[in-house]
Structure formats: C-alpha cells, structure tokens
4 protein chains.
Amino acid sequence: MTVEQKKGRAATGGAVLRQRVTEAITEAAFAELAEAGYARMSMESVARRAGVGKAALYRRWPSKQAMVTELIGSRVSEALPPTPATGALHTDLRELLATFRDQLAHPLLARIAAALFAEASHDGALAEGLHTGVTAPRREAARTILQDAIDRGELPPELDLDLGIDLLIAPLAFRVLVIQGRSDDEYLETLTNAIEAALKAAVR
Amino acid sequence: MTVEQKKGRAATGGAVLRQRVTEAITEAAFAELAEAGYARMSMESVARRAGVGKAALYRRWPSKQAMVTELIGSRVSEALPPTPATGALHTDLRELLATFRDQLAHPLLARIAAALFAEASHDGALAEGLHTGVTAPRREAARTILQDAIDRGELPPELDLDLGIDLLIAPLAFRVLVIQGRSDDEYLETLTNAIEAALKAAVR
Amino acid sequence: MTVEQKKGRAATGGAVLRQRVTEAITEAAFAELAEAGYARMSMESVARRAGVGKAALYRRWPSKQAMVTELIGSRVSEALPPTPATGALHTDLRELLATFRDQLAHPLLARIAAALFAEASHDGALAEGLHTGVTAPRREAARTILQDAIDRGELPPELDLDLGIDLLIAPLAFRVLVIQGRSDDEYLETLTNAIEAALKAAVR
Amino acid sequence: MTVEQKKGRAATGGAVLRQRVTEAITEAAFAELAEAGYARMSMESVARRAGVGKAALYRRWPSKQAMVTELIGSRVSEALPPTPATGALHTDLRELLATFRDQLAHPLLARIAAALFAEASHDGALAEGLHTGVTAPRREAARTILQDAIDRGELPPELDLDLGIDLLIAPLAFRVLVIQGRSDDEYLETLTNAIEAALKAAVR
DNA sequence: TTCTAATCGAGACGGTACGTCCCGTCTTGCC
DNA sequence: GGCAAGACGGGACGTACCGTCTCGATTAGAA
C-alpha cells in the first residue's frame, strides 16, 4: 500500500450522499429565496425544507451569505449563453439583449442579485465574487460583440469600449430590475436601434 | 408675559424637545447606515448612538424599514435639483447627468438605495414608497427635458419617452452603483454624446 | 435636579415584572432538573416551560451551570436550619442528623447537588461556590455543636474538629446520596450512638 | 505461507487488531476523562486522540455513558485489593482505609465516579452497573472484616453491619472526594481509632 | 404655582435566527 | 467484516436584534 493510496483511502466516502444532500439544500434554498427574499430567508428554514441538519449547510458554506452567493453565482454561470456571432452588429445586439432580458426576467435571480449587489457595497469579498461570477462574464460577451463590429468597420475604432458596454447592459437591466416595467420584443427592437446609434457616437 | 407669548410657548414647547430627539436619531441613523449598510444597521445601535431610548425610534416610525425609507426618501427629495432648462438638449443633458452623478456619488444614499430597491421586490409598500419618493421625481425631470427637446424639434416626436428616460438614467447609474467605476467629466461628455445619438434613434 | 436623581432615574424600571419572570424561570428550572437531571436539562426547555425567552435566562445568569448553581445554592441556603442547642451532645447530634437527612431526602436537591459536586472537580469557580454556599455553612453548624460539647466537657479538648465533622456528616450523606438506602429514625438513633462514641475517640 | 499460517492469521488477525484498537480507545478515553471530566469529554475527541473512527467506539459500546461506565468499572475492579486479614480489627481497618484512600486519591477515578454516581440518580441501569462494579465489592470487603472481628469477639454480634460499613467508608470518601482535604497517615490513624470506637457502639 | 399629560432614557420582555458543537448513525473504499 | 474518515439529522449552546412593554424622571402647557 503506497502512501498515496493510504491518504486517499477514505477521501471519497459518501460522495453520492453528499451530492443528494447538496441538491436538496440547493433546491430548498432557491425556493426560500424566491418566497422570502435574501433578508428574510433563514438557514434554519432552508435546512428544515431540505430535510437536513443545519450543520449540513455550514459544512458546505461558512455563512448564509456565502451560500447564497455561490448558489446564485453558479446558477447564473450555467445560464451564461454563448456570445452571439451573427456577423452583423444589429442582430448580435438584439440577440444579446434578448438573452439578457430572459435571464433578468427570471424573478428569482433578479431579486436576489439585487440584494447581493447592495450588500457588496459593504463587503469586498462579496463584491469580488459578484464581479467574477456575474458581472465580468457578461461584460466580456458584450465586449466581444463590440470588438467584432469594430473589426468589421461597423463601429468606429475610437469607441470607448467600457462606455459601450454600459450602454448595452444598463438600460435593459434598469427597466427589468428597478422599474420592473415591460420589455417585450417591440421594446427590444427600439432599444437595439437606440443603442446602435449610441455606440456609433460613443467615441472618445 | 402676554397671553400670546404663553400660547406660543404652549404650541411649540414639546415640539422643541421632539425635534431635538428626531434630529439626533436622524444623524445617528445615517451614520450607522453609512458604516454598516442597511442589513447590518440595528435599531439598538442607532438608539445608543443617538443617546435615546429605542422607544423614541418606534414612536416615530413603525419599523426599521419604515424609518430608513422615510429618512432616505426625505434626504433624496431635498437633494432634488431644479430641472435644467438651458434651451438646448445637449447642455440640458449634460447638466442633468452631472447632477445625477453627484447625487449617486454620495456613498450613503447610493448604497442604501440599492438595498432598499432589492428589498422592494418583496415588499409592495416599500416599492411604492421608493417609486414615489425617489424614482418618479427623477424620471419626471428627465421627461421634461426630453419633451422640451421634442417641442424644439431637437428630437423626433415619435420618441419613446420611457425608453428615452431609461437611456438617460441607466448607464450612469450602473457605472456608479454596480460597476463602481469612474465617471469624470470626460466620461460624462462622451456619454452625453452617445445618449443624444441614441435618443434620436429611439423611435417606435 | 441632582446628579443622583438623574442617575437613578430609570434604574428601577420593571422590578415587578422582573420578579415575576425570575419566579417563573426558577420554578421551571427546578421542575426540569427534577425530571431530567442537570445534564439532560436544557436552557431552551426551561425557557419554554417558563413561557419566557432564552434571553431572559441569560440576562440573569451567564450560563446553564451558573443558573443551576445559584438556584440550588439559594434554595439550600434558605433551607439551612438553626444550629441545634439542646444543651446535650446526644440530642444536638440527633437533631442535626435528622435535619440533615430531611434536606438530603429532598430528591431534587440531592440529585443535582451530586452532579454539581462532580463538575466541581473540573471547575474551580463552581467548587468555590459550592463550598461557600453549601458545604461551609453545614460544616460550621457541626463545628458549633462539637465545640459546645467540648466546652461542656462532653468531648475531649484534643478532638480533631475537622475529622469530627467528617464523622458527623459523611455516613448519612453517603447512605442517602450514594447508597440511596433507608435512613429512618431507628437507623438515625444507632448512627447517633456510633458517632458519639467515635467523637470521643477521635483525638489527635 | 502455509495454509495453517494463513488460517491462524485469519483466526487471530482480526482479534489482534481489535485488541490494539480497544487499547488505544481505552487509553484515549481515560486521558480525556482526566483532562475534561465526564460531561465535557466527547466521543469525537476520544476517537481523534486514539486515531480511530467514531464507529470503532460505537461498535464496542452503545453510548458514551456505557463506554465510560464499563471502562471505569473494569479499572476499578482490577484495582480491588485483597481483603486485609491481619487477625486484628485495628490493623485490618487501617489497611483497608489506606488502600481505599490510595484508590480515591487517583484523581481520574475519583472525579469520574462522582459524575457517574450523579447521573445514576436518573438512570437505573447506570445505578445498577455502578452498584455491581464499584460499590458492592468494596462494601463486601468491609463486611468481611467486620464479620471476622465479630467472630473473634472484637465487635459485638449486635453490630448493624450496613451502618458499620457506612462508618468505615463514608468519612474518608467525603474527605477525599468532596472536601478534597488532606488524608495523610496521621489523619488515617486518628480516623481508624474513631471508627473502631464507633463500630463498638453501632448496635441495634 | 400646581397639576396633567406627553415624552423622555433605560432596558427587560417573548421571539427568531445566527453559527458552533456534539450525539449516535450511516456510508464509503481500503485492507 | 472490521477499519479510518467523516457526513448525516437532530438538537442545545450562548449571542444579537426585532418590535413591544414598563418604569420613574422630566418637561412644558393649562388650570
């Protein structure tokens, strides 16, 4: 028996059970978050709903905030769509906006994300986690679209990319999250037109 | 002492003490909010900091949320600047955006407002309060600017006003609140140009 | 308004309520101790039984052990009988032993005291508390009886007082607490005779 | 390797391992008991200290209490000295008391025994176990000495044996366990004299 | 001036959730 | 089939706040 074998001997014990429990917790947590929101959700109710001891939660995450952050982050990540590449700025834009709207429209993610972003002002680690897991990938997708359009000559090379990304993401996010207003296809089409015009003018 | 003086004293006497206490609470609440954020602020620490009993708080507001909402709402309202009316869309826009940025840059209001908007997803009354006290007045200012520009022929009459307002407010809000990025005068100038172009294209 | 008046202003708030709550807790704690014993008694069940928040317990005592120690200590203290002074060693002895037996026979105090003495081996503060509140007063009563008997010439002046006290207390305590055997009046009479003989021989 | 060797290993191999594990647990348990006492000792720390899994403990004993009871019981039994038979009550007594003191002075057994006797008030099985394993054998030794002395005419035939045993055991036990006072040879000599006198008077 | 009624600071109240620890059981893969 | 490792459900620990309550002192206004 080698040392490696000995060390690894019991390392995998209960992987199946662990998986089952983790899934029960995840499901319960999302349900509680949807019903009560982040502030009113309690670890005790999640554990109760999952049919699980509180320790099972704290064995996986060090705190309520850590649990919710990770759950949201992974759910959001797996929902990250492929960057559109239709070959034309207008269609790329519309596709990205539609995808973005569909994600934002998911009431659960939207509501919780808002609470997390709010908390992030007072918690550097949380801010970092949200940036890495949520914000950055989406901004990167937008950046790719814009850069492609510049390469094709559809947008001026002097475009301020960061500002461009803001223009792309912000109006829709505000409408859905803060105003909680409509964002149907007609709205999206008009918005696409407006953003396209804005991008062409957003030069340093 | 004349009767009038006596009456005058009678009308304001208790009110003076009450006013003093209210001010102490308000100041303490803003300080705690700034240091700890909405979620971590406690009514007990506010009372302690203000040197008053907890009952003094609950005599004025029915709950923590109500207190913070009202405090934020009134502070935000008194900070509402006059709507710019320079006679030209571009300057109106830039002035509004600069004002808006200065308000958002106030770290306290920004952070707390985020937490409150997050909570609003689960609390209709809070949502209503925020809309009336925070959102609506600002959107109205933007609407006025846009309508004036339409009237002057600077913007097409078919402009989707709601979308136009989103375009005006959202990118800056996102940059300051979520991205927490820079928003200096240069950025603002480019943003103004981009928004102006977008508005001209945002027709139904 | 003097400083004293100002300082004392709110110091007495809720004394009546406090008293009521303390009594409810005390009663519930004794009941739980009787039913479950020290180890199995929980602060939560005491609070529930008393119709009281857990904080009400922890506002009064810093821990479960402190609460039980104090409750037992005070109950035992108030049960401390006057030292017998019949003028004769034999009757003093019998009276003291009878009193002692009656206290020990109280099933609650006996059982809990045993658990506390056991814990005391590992907790200096607890040991100190038990000595001061429980052990010392009883030993003092015994010492008085013995000294009186020496003064009257019923016992030799060379009597080892500490040993004498052991002889007086220990056999009965063991019978009741450890053996849990009978200790009726007949037994007590024989025991009194035996102890009296022992005391006369317990010289250094 | 021959078949016999293989078979022999098969037959004893498991037993040897089991024995080694049992010893490691026993040693760890006594160490933890000594350091923390019964209440604060945890099965988890015992397992960790012994370098074994918790299941190894629960495969051997059904509960923490059962484990400690059995461990203490067997240790105490193997420490049971031969009943003294010097041919004279005084020397028998002194020898028994000295042995008893030496056993009680063992800090581990003493402290744990106290906690177990306390728990026994609420647990009949534990009480039974302690009586059989700890109390009864020692009382029997004392009984033998007393009966021998009666047979030799050193003690009256009317002696209440149970009371006699109490007189023998209790004062020393109290001194060592509860008072935690000194019990040197000088004390023991005086005590022996006193008990001898008491025994002669302890008649029904 | 004396009375009255509101408000004050202090802090205890019942409750709920936090994150930690340990019980006795269960599961896994190695030996 | 026993082993070490360690996750499992359960439940108590002691802490922190919530929003409510009670207390006696303070404060002005009205009588």
Side-chain angles (χ1 to χ4, degrees), chain A residues 1 5-6 8-18 20-21 40-45 47-48 50-60 62-64, chain B residues 6-7 9-18 20-21 40-45 47-48 50-59 62-64, chain C residues 1 5-18 20-21 40-45 47-48 50-60 62-64, chain D residues 13-15 17-18 21 40-45 47-48 50-59 61-64:
Chain A
M1 183 169 63
Q5 281 174 326
K6 198 166 185 184
R9 168 161 71 172
T12 54
V16 174
L17 172 56
R18 186 176 185 90
R20 236 188 312 128
V21 170
R40 267 180 285 282
M41 181 206 84
S42 82
M43 295 299 259
E44 313 218 316
S45 62
R48 212 176 305 125
V52 136
K54 262 204 299 179
L57 278 64
Y58 285 102
R59 229 173 271 124
R60 288 168 172 76
S63 70
K64 172 180 169 177
Chain B
K6 267 184 116 173
K7 276 207 155 177
R9 240 201 11 187
T12 58
V16 173
L17 174 55
R18 187 177 184 90
R20 240 190 306 127
V21 169
R40 269 182 283 280
M41 180 205 86
S42 80
M43 296 298 260
E44 318 219 317
S45 61
R48 211 176 308 124
V52 309
K54 269 206 297 178
L57 277 65
Y58 285 100
R59 227 174 274 122
S63 71
K64 171 179 169 178
Chain C
M1 182 171 62
Q5 282 174 323
K6 196 168 187 183
K7 275 206 152 174
R9 164 162 73 170
T12 55
V16 174
L17 173 57
R18 185 175 185 91
R20 236 187 311 127
V21 169
R40 267 180 285 280
M41 180 206 85
S42 82
M43 296 299 260
E44 313 217 318
S45 62
R48 214 175 304 126
V52 136
K54 263 203 298 179
L57 277 64
Y58 286 101
R59 229 174 271 122
R60 289 168 170 75
S63 69
K64 172 180 167 177
Chain D
L17 175 55
R18 185 177 186 90
V21 169
R40 267 183 284 280
M41 181 205 83
S42 80
M43 295 300 260
E44 318 219 318
S45 61
R48 210 177 308 122
V52 309
K54 268 205 300 178
L57 278 64
Y58 284 100
R59 227 174 276 123
W61 302 278
S63 71
K64 172 179 170 177

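Naming convention: chains lettered A, B, ... in sequence-line order (proteins, then strands); numbering from 1 in each chain. Here the structure is a predicted model, which is why all the values come from computation and not from measurement.
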Qualifying residues under salt bridge (charged side-chain N to carboxylate O under 4.0 Å, His left out), relative to K54(C), sequence neighbours excluded: E44(C)
N or O in side chain of R18(B) less than 4.0 angstrom from dT7(E) OP1/OP2: yes
Per-nucleotide protein contact string for nucleotides 14-19 of chain F, where B marks a base within reach and S marks sugar-phosphate only (heavy atoms under 4.0 Å, - for neither): BB-SBB
Counterpart residues, salt bridge (charged side-chain N to carboxylate O under 4.0 Å, His left out), relative to R48(D) (two or more places apart): none
R59(D) versus R18(D), closest heavy-atom pair with distance: O-NH2, 4.2 Å
Touch class at under 4.0 angstrom, heavy-atom based, for R60(C) against every strand present: sugar-phosphate
Interatomic distance, L57(D) CG vs dC22(E) P [rounded to whole Å]: 15 Å
Nearest non-hydrogen partners of K64(A) and M41(A), listed with the distance: NZ-O, 2.6 Å
Closest non-hydrogen atom pair, L57(C) against M43(C): CD2-O, 3.6 Å
